Amino acid sequence: MSDQSAMPRTWAKRDYHRQWLLRQADALMNFFQYRAIDPKGGFHDLTAEGLPLDPQNATRGIHTSARMVHCYSIAYLLGRPGAGDIIDHGIRYLWQQHRDQRNGGYFWSLNDDGPADDTKQGYGHAFVLLAASSAKAAGHPLADQMLADVTEILDARFWESRHGAIAEEFGIDWSLIDGGDYRGQNSNMHLTEALMAAFEVTDERHYLEKAESIADLVIRRAAGSVGFRVAEHFDANWQIDRNYYHRNEMFRPAGTTPGHWMEWSRLLLQLWSLGGKQHGWMPEAAKSLFVQAMSLGWDKERGGLFYTLDWDDRPAKTSKLWWPMCEAAGAAHFLNEHLPADDFYEDTYRLVWSMIANRFIDHENGGWHEELTENLEPSHTLFPGKGDIYHALQACLIPLFPATGSLVRAIQETGGRL
């Protein structure tokens, strides 16, 4: 549907839409703030109804604790009562429990007995960097120490200067796992986000330069070589591995993942803006990634983005997950702000939010459904409940602030004025 009135062209500039987004963000923060704290440390994954998924001895992943710190740092900066307690609870668990005080680095997951998975993974360390950066903006007293610690670990253990990106994972004592010959874009993509956040709170350019290096490798060179389809899996020399298979379909699904094309589209425009708009390839790549994701990844019959495609661009895993929808909304907004053209970005923005409102928001139990079937029915084949506020909260808040950097920076620069 289109509008013929003199109202602002984009929904993101209309008062009602902005108020609606803020209400959705507030509902998400309510849902997690008062349910997710595990008194024994870290945070509960929640059932579809909002109860602890495993109340007795839950396994707590590092990304969950770090994302809660990041999201409630955003909430704290906005002035949400109680958000500071969430930051403190999460960052102390990361620092006192997830951190390996003998060998350095951070364990992937813990339960009440100690490490459940003691590997050191780039994906997890990227989110520790993001959490520390956001907590620093919120003024937490442990943030500087954690930021320095995880930066040193990333530089000394993960960063491979010959490639300009990070390695994927190590054992507890930094030994190689399975020969150490796997490299992944997902961990590097999230590190790009975290490096930008660290640059914003420190003004140290080495963070920004590393983010630009990863983007150049993963997007300009690798994705650009295959028609701006983002390859997920690589060998140790960063050659695309089209035949890669891993049992963990949550973090390493085979094929390509259109949601990540959307995520990179927004991150590239953020990086382009932070870097003074010097790299002309970035906005062009952002447009190409967005168009390809909608052209190849969108289910034109039922709606929603397919989780994965094969290398012949056919739907492979046909579930519709919440996070690609969130990233599509954020990317459409950034493109609307930076590269306004015809109505394609705005039409997509409205299409995505309408499907989120009608299908993904759980109006009965609260929170969002994290997984739908191909036919858009709630499902739990990959995600057992509701474990994550990160993607949905950012999707709700990104359109409310200038598209010039991270949410943390935008909130600080605007004083949180909506």
Side-chain angles (χ1 to χ4, degrees), residues 63 121-123 126 165-169 177-178 181-193 214-215 217-268 285-286 288-328 331 348 352 355 370-376 379-383 388 391:
H63 58 293
Q121 300 196 24
Y123 187 97
I166 58 166
E168 189 68 19
E169 61 181 339
I177 294 178
D178 294 332
D181 57 355
Y182 174 80
R183 300 294 180 270
Q185 88 77 25
N186 195 12
S187 57
N188 278 276
M189 178 187 70
H190 282 293
L191 182 60
T192 300
E193 176 189 28
I214 292 170
L217 173 64
V218 173
I219 302 300
R220 188 184 69 82
R221 285 182 273 165
S225 72
V226 289
F228 287 99
R229 297 154 175 83
V230 179
E232 293 289 325
H233 312 297
F234 299 81
D235 66 17
N237 293 312
W238 282 93
Q239 298 301 305
I240 296 172
D241 184 353
R242 296 185 182 220
N243 299 314
Y244 181 84
Y245 173 78
H246 193 279
R247 66 184 181 277
N248 190 336
E249 294 186 347
M250 186 185 299
F251 291 103
R252 295 191 195 178
T256 64
T257 308
H260 285 155
W261 311 2
M262 291 294 193
E263 198 160 357
W264 266 115
S265 179
R266 174 177 60 85
L267 291 174
L268 284 175
S288 296
L289 290 167
F290 188 87
V291 170
Q292 285 287 59
M294 289 304 296
S295 298
L296 302 175
W298 187 263
D299 183 342
K300 296 173 179 60
E301 179 181 351
R302 304 172 185 85
L305 286 163
F306 294 116
Y307 181 32
T308 68
L309 308 176
D310 65 22
W311 277 102
D312 293 318
D313 300 329
R314 296 172 303 198
K317 296 177 179 65
T318 58
S319 298
K320 315 292 176 56
L321 307 184
W322 88 110
W323 70 258
M325 301 294 290
C326 297
E327 295 304 329
T348 303
V352 167
M355 175 154 284
E370 295 190 353
E371 180 181 352
L372 304 180
T373 66
E374 183 176 0
N375 293 320
L376 305 177
S379 177
H380 299 287
T381 61
L382 281 175
F383 296 89
D388 186 28
H391 288 283

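Residue numbers start at 1 and run along the sequence shown. Nothing here was measured: the structure is a model prediction, and the numbers come from that model. Side chains are part of it too, since the values below use all heavy atoms of this structure and drop only hydrogens, waters and symmetry mates.
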- [ ] For E301 and N375, run side-chain contact (heavy atoms from CB on, under 4.5 Å): C-alpha distance rounded to whole Å, both residues' side-chain angles, the deciding distance at 0.1 Å, then the answer.
- [x] CA-CA 10 Å; E301 179 181 351; N375 293 320; over 6 Å; no

TODO: Could you go through the side-chain contact (heavy atoms from CB on, under 4.5 Å) check for I166 and S187 one step at a time?
DONE: CA-CA 8 Å; I166 58 166; S187 57; 4.2 Å; yes

Task: side chain to side chain donor-acceptor pair (under 3.5 Å) evaluation trace for H391 with E327 - done: CA-CA 7 Å; H391 288 283; E327 295 304 329; 2.9 Å; yes

Task: Candidate pair T381 and E371, rule side chain to side chain donor-acceptor pair (under 3.5 Å), full reasoning - done: CA-CA 8 Å; T381 61; E371 180 181 352; 2.2 Å; yes

TODO: Begin with the C-alpha distance, continue with both residues' side-chain angles, and end with the deciding distance and a verdict on side-chain contact (heavy atoms from CB on, under 4.5 Å) for F234 and Q185.
DONE: CA-CA 8 Å; F234 299 81; Q185 88 77 25; 4.1 Å; yes

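Identified under the side-chain hydrogen bond (donor to acceptor under 3.5 Å, both in side chains) test for residues 310-326, with sequence neighbours left out: R229-D313, D299-K320, D310-R314, D312-R314, T318-E374.
Considering CD of E249 and OH of Y245, their distance stands at 5.5 Å, rounded to 0.5 Å. Separating the CD atom in Q121 from the CG atom in N186 is a distance of 11.0 Å, to the nearest 0.5 Å.
Nearest approach of Y182 to E232, heavy atoms of both residues: OH-O, 3.8 Å. Considering all non-hydrogen atoms of both residues, I240 and A222 come closest at CD1-O, 4.1 Å. When every heavy atom of M325 is checked against every heavy atom of L321, the shortest pair comes out as CG-O, 3.6 Å. Among all heavy-atom pairs drawn from L289 and S265, the shortest one is CD1-N, 4.1 Å. Annotation for A328 and V352: closest pair CB-CG2, 3.9 Å, computed over non-hydrogen atoms. Taking both residues in full, the closest heavy atoms of L376 and M355 are given as CD1-CE, 3.9 Å, listed atom of the first, atom of the second, then distance.
No side-chain donor-acceptor contact under 3.5 Å links H260 to the backbone of E263. A donor-acceptor pair under 3.5 Å links the side-chain atoms of E370 to the main chain of D388, judged by distance alone. Under a 3.5 Å cut-off, the side chain of Y307 and the backbone N or O of P324 do not form any donor-acceptor pair.
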Distance-only donor-acceptor hits, side chain of residues 252-259, under 3.5 Å, sequence neighbours excluded:
from : atom 1 : to   : atom 2 : distance (Å)
R252 : NH1    : Y244 : OH     : 2.8
R252 : NH2    : E169 : OE2    : 3.2

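Side-chain contact check for M262 versus M294: some heavy-atom pair is nearer than 4.5 Å. You'll find the side chain of W261 reaches within 4.5 Å of the side chain of Q292, heavy atoms only. Considering only heavy atoms from C-beta on, R183 stays 4.5 Å or farther from D235 through its side chain. A 4.5 Å side-chain heavy-atom check between W264 and I219 finds at least one atom pair inside the cut-off. The shortest side-chain heavy-atom distance between W238 and N188 falls under the 4.5 Å cut-off. Side chains of F228 and V291 form no contact here, defined as non-hydrogen atoms less than 4.5 Å apart. Side-chain contact check for M189 versus V218: every heavy-atom pair is 4.5 Å or farther apart.
More than 12 heavy atoms of other shown residues, nucleotides or ligands fall within 6.0 angstrom of atom CG in N248.
Taking A126 as the reference, H190, L191 meet the side chain to side chain contact (heavy atoms under 4.5 Å, CB included) condition, with sequence neighbours excluded.
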